[in-house]
Amino acid sequence: PCISCGQCDAFKSRLSMRMSHTLADHIRDCLDRAALAERVALREVDPVAKAELLELAGSWRQCAASYEYVQKLENFMATFKAPDGPQSAH
């Protein structure tokens with residue numbers, strides 16, 4: 001099959017690598033935002049604002065963890081598509 005139809009294994013492999021790179025970017029962005037919220041919280045004098053910033057940081061870390069989970073699932077699923085891994089029945 002041709003690359004443009006999306007059925008070619010080489011095309012799927014390149015697409016998977018791009019998705020993983022994109023997930024890695026999302027993970028890094030979430031962790032960066034969490035760190036920023038924590039740095040701002042350290043300078044905050046208002047206890048309510050500080051608590052909200054720390055909660056925001058926790059939310060960004062949870063978002064990163066969600067992306068990491070998706071990345072692990074993709075890696076796991078890739079083992080079933082690999083030439084030397086288990087093959088799915090057609």
Side-chain angles (χ1 to χ4, degrees):
C2 72
I3 290 175
S4 63
C5 72
Q7 299 300 312
C8 176
D9 287 336
F11 176 79
K12 288 180 183 178
S13 177
R14 285 195 308 274
L15 181 62
S16 178
M17 284 190 299
R18 273 187 288 191
M19 287 296 293
S20 294
H21 178 71
T22 300
L23 286 172
D25 289 341
H26 287 306
I27 293 165
R28 185 179 57 250
D29 289 344
C30 289
L31 293 175
D32 288 347
R33 289 172 189 246
L36 175 61
E38 288 169 344
R39 284 194 307 272
V40 173
L42 287 174
R43 294 189 304 261
E44 183 58 58
V45 293
D46 177 23
V48 173
K50 181 182 286 258
E52 289 175 351
L53 286 162
L54 292 173
E55 185 177 343
L56 178 62
S59 294
W60 280 116
R61 291 199 184 284
Q62 182 58 47
C63 184
S66 295
Y67 280 122
E68 288 171 341
Y69 181 73
V70 170
Q71 191 174 48
K72 287 177 185 178
L73 285 175
E74 281 189 355
N75 291 341
F76 174 74
M77 293 302 295
T79 63
F80 290 95
K81 296 177 185 175
D84 56 347
Q87 299 295 316
S88 61
H90 291 319

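Computed from heavy atoms alone, side chains included, the values below leave out hydrogens, waters and symmetry copies.
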Which distance, rounded to the nearest 0.5 Å, do you find between the OG of S66 and the CD of Q71? 12.5 Å
How far apart are the closest heavy atoms of E38 and R61, and which atoms are they? OE1-NH2, 2.9 Å
Can you tell me how far apart NE2 (H26) and CG (D29) are? Round to the nearest 0.5 Å. 7.5 Å
With rounding to the nearest 0.5 angstrom, report the CG to CG distance, L53 to L36. 9.0 Å
Straight-line distance of K50 NZ to R43 CZ, nearest 0.5 Å: 10.5 Å
Identify whether I27 and V70 are in the same connected component of the hydrophobic contact network (ILVMFWY, side-chain heavy atoms under 4.5 Å). yes
Out of curiosity, does L23 fall in the hydrophobic cluster containing L31 (side-chain heavy atoms, cut-off under 4.5 Å, transitive links)? yes
Can you name the side chain to side chain contact (heavy atoms under 4.5 Å, CB included) partners of A35, sequence neighbours left out? R39
